[in-house]
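Numbers here simply count residues along the sequence, with the first being 1.
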Amino acid sequence: MKKLWVLAIIALLIMACSSAELVENWKNPDIVLFDANKVLIVGMTHNEEARAQYETKLRKQFEQRGVEAVRSLDVFDVEFTASERSEQELANVEQQLLDKDFDAILFTKITDIENVENHRRLMNNLDRYNQGFNDDYRSSQNIYFESTEYDDFTIYHAETSLYCICPGKERNLIWRGAIDITDPVDVEKTIDDYIALVIMAMEDQDLIFRKKTTNEVTGL
């Protein structure tokens, strides 16, 4: 029995070591208010299970706030994410989204880093904020089909960017948030923690409404 208690305590300590931290929360200073009506959620990772969980759970968060959201899993077929796509191919995708009344893309790419301090200095490069979804996607699309060994990494870095694809407007970067995840030991919990931070940051930037709550007694 004592051995079981020791194992339980060790397990709790391991879980306690996992943490997620918002390290970047940038909003385009030229954008005062952006109220998306239909959003495409893109989770870029070669881990199909994690991608499905992330896009599904984040879709639910948007729907609870009255925003129509669609998973990239339901838009991009397997062939599309299995190899590199050209600038023109992605431009065609954006036009198809416009034709279907999408006005925003929420794009998350999951990468891994060894030295978080060096990467944070890189994140301060202003050129990162001048690219659109097309450039961002093309520069990272190998994540879909190139498996990476993670054993040597203890800090995982993920970025989420909100792009406007509104008709008659530039395909601007509206918002970008970055989160460092230290020693993740549970994929589902890590995804939940990440989504919670993304939603919190977007609420703080007035990019998404806070979830409506109802009175359990009156239903109002």
Polar side chain donor-acceptor pair, [X] to [Y], under 3.5 angstrom:
X    : Y    : value
N37  : E68  : no
Q88  : N92  : yes
T45  : R51  : no
T160 : R176 : no
Y54  : R59  : no

So do the side chains of [X] and [Y] get within less than 4.5 Å of each other, counting heavy atoms only?
X    : Y    : answer
Y194 : I181 : yes
L106 : Y163 : no
Q64  : K60  : yes
W175 : V198 : yes
L197 : D193 : no
L40  : L97  : yes
C164 : F34  : yes
V70  : F102 : yes

Has the side chain of [X] got a donor or acceptor atom that lies under 3.5 Å from a matching backbone atom of [Y]?
X    : Y    : result
K27  : Q205 : yes
N28  : L173 : yes
S86  : E89  : yes
D103 : K38  : yes
D186 : E188 : yes
E55  : G43  : yes

First locate atom [atom1] of [X], then atom [atom2] of [Y], and finally report the distance between them rounded to the nearest 0.5 Å.
X    : Y    : atom1 : atom2 : value
M202 : I174 : CE    : CD1   : 10.0 Å
I165 : L98  : CD1   : CG    : 5.0 Å
L207 : D35  : CG    : CG    : 9.5 Å
I41  : F62  : CD1   : CZ    : 5.5 Å
D30  : N172 : CG    : CG    : 8.0 Å
Q53  : N47  : CD    : CG    : 8.5 Å

Any idea which heavy atoms bring I179 and A20 closest together, and the distance?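 Looking at all heavy atoms of both residues, the shortest contact is CG2-CB, 4.1 Å.
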
Trace of the side chain to side chain contact (heavy atoms under 4.5 Å, CB included) decision for F76 with V93: CA-CA 9 Å; F76 299 157; V93 168; 3.8 Å; yes

Stepwise salt bridge (charged side-chain N to carboxylate O under 4.0 Å, His left out) check, R65 with E203: CA-CA 11 Å; R65 291 162 173 80; E203 288 176 342; 3.1 Å; yes

Does a salt bridge link K189 with D192, judged by any charged N lying under 4.0 Å from a carboxylate O? no

E159 vs T108, test: side chain to side chain contact (heavy atoms under 4.5 Å, CB included). Steps then yes/no. CA-CA 5 Å; E159 291 182 352; T108 296; over 6 Å; no

